[in-house]
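Below: the structure, in structure tokens.
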Amino acid sequence: MQRVLSRRSHTFKTCDYEFFKSGFVRFIATSCRAVVLPRFGGPEMLQLRSDVEVPQLKPNEVLVRARAVSINPLDTRMRSGYGRSIFEPLLPLILGRDISGEVAAVGSSVRSFSVGEEVFGALHPTAVRGTYTDYAVLSEDELAPKPPSLTHVEASAIPFAALTAWRALKSTARITEGQRILVVGGGGAVGLAAIQLAAAASCHVTTTCGGQSIDRVREAGAEQVVDYTAEDIELAIKGKFDAVLDTIGVPETERIGIKFLKRGGHYMTLQGEAASLTDRYGLVAGLPIATAILLKKQIQYRYSHGIEYWWTYMRADSDGLDEIHRLSEAGKMKIPVEKTFPITQAREAHEAKDKKKIPGKVVLELD
């Protein structure tokens, strides 16, 4: 059983009605628009369809009428075939992880949200039915109330990046007041979110970025900013750190990040090898290979440097989303949006990101 209320008929092709003695009409969308990926490739693979099925809700799920969905690097990588070993048997996919919109229906066990409430949140990286659609399905713990001070466009840019940073700094490294944190690549969405999370925890933050991002990362809370295009990082940065979040994840940044860690510190990289290895060797062989590589590095660095080494990924976390909601409401968590496109121009938006025409965050809007 799901509770539903919506009256925007132009966005869907098919709907059901149920009439009650009180005269109230229950309006259920059974199909809607969605940007669908039938096979991997370039932006031209994306197809806007008007008759995509809206699934029935499970007891813990929420149907969200999307108003804005942001484009993450994971979206363009998945479209190109990243995670093929997992997703190819499940094609066609709907891309998208972030969302901001209104609750259109709730499952029978949902107690945190009611129909009509404005919410924002993010799906897990392995979700098959994403958010590039009029109606997205998320679990209750993947959503939080949208801060009233934010527009849907502003809110949609935050959750996935901020939850990725939160898992690294708060769940894995468990940062505390007064610690020193190094964010390698602070100019991107995850880097900016990490800086703001660490600053909100009263940590001392150092970051690296390109010259165009210096003002932005300082405003986010970084105390020392190193322009990697103009300075030698290893000479510019002084002292040791309790945690390093490496958003770049190439061998050189890994070497530098580990060099600057205190004993007992945590090095976390966004560029884990699990997906690429399973794509290369298949799930059966690739996953054990990835696990062995990670374990080898963890043992190696634990004994040679006395540090903890992690591949870090976004994972839905209600505690993390609650904190992100509070920080966003207080104006302490912001991810600037560079440009918006209507959902009907998803191909053009992906093409612009692929060609690096738009360096910052891009958001798709839905009417």
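Numbers here simply count residues along the sequence, with the first being 1.
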Q | Within one Ile-Leu-Val-Met-Phe-Trp-Tyr cluster: I158 and V337, side-chain cutoff 4.5 Å | A | no

Q) Do side-chain atoms of T131 reach the backbone of I99 as a donor and acceptor pair under 3.5 angstrom? A) no

Q. Is it true that the side chains of H204 and E223 contain a donor and an acceptor less than 3.5 Å apart?
A. yes

Q. Do V52 and I94 have side chains that get closer than 4.5 Å, going by heavy atoms?
A. yes

Q.
Within a 6.0 Å radius of atom CZ on R302, are there more than 12 heavy atoms belonging to other residues, nucleotides or ligands?
A. yes

Q) Does the side chain of D246 come under 3.5 Å of the side chain of T269 through a donor N or O and an acceptor N or O? A) no

Q. Will you find, in the side chains of E61 and S139, an N or O donor that is under 3.5 Å from an N or O acceptor?
A. no

Q: Could you walk me through whether V244 and I258 pass side-chain contact (heavy atoms from CB on, under 4.5 Å), step by step?
A: CA-CA 8 Å; V244 173; I258 286 170; over 6 Å; no

Q) So with a 6.0 Å cut-off around CD of E177, is the heavy-atom count from everything else above 12? A) no

Q | Test item: V35 and Q47 side chains (from C-beta on) under 4.5 Å apart, heavy atoms | A | no

Q. Between atom CG of L197 and atom CD of E323, what is the distance when rounded to the nearest 0.5 Å?
A. 6.0 Å

Q | Within-4.5 Å side-chain heavy-atom neighbours: R129 and T133 | A | yes

Q: Check each of R67, R49, R33 against D134 using the salt bridge (Lys or Arg N to Asp or Glu O under 4.0 Å) test, and report the only one that passes.
A: R33

Q. Could you state the interatomic distance from CE (M333) to OG (S328), rounded to the nearest 0.5 Å?
A. 6.0 Å

Q. If we ignore angles and hydrogens, is there a donor and acceptor under 3.5 Å between the side chains of H305 and R263?
A. no

Q. Any side-chain donor paired with an acceptor under 3.5 Å for Y135 and E53?
A. no

Q. Taking Y267 as the fixed residue, which of F260, Y309, W310, Y301 is the one that meets the ring-ring contact (aromatic ring centres under 6.0 Å, His included) rule?
A. Y309

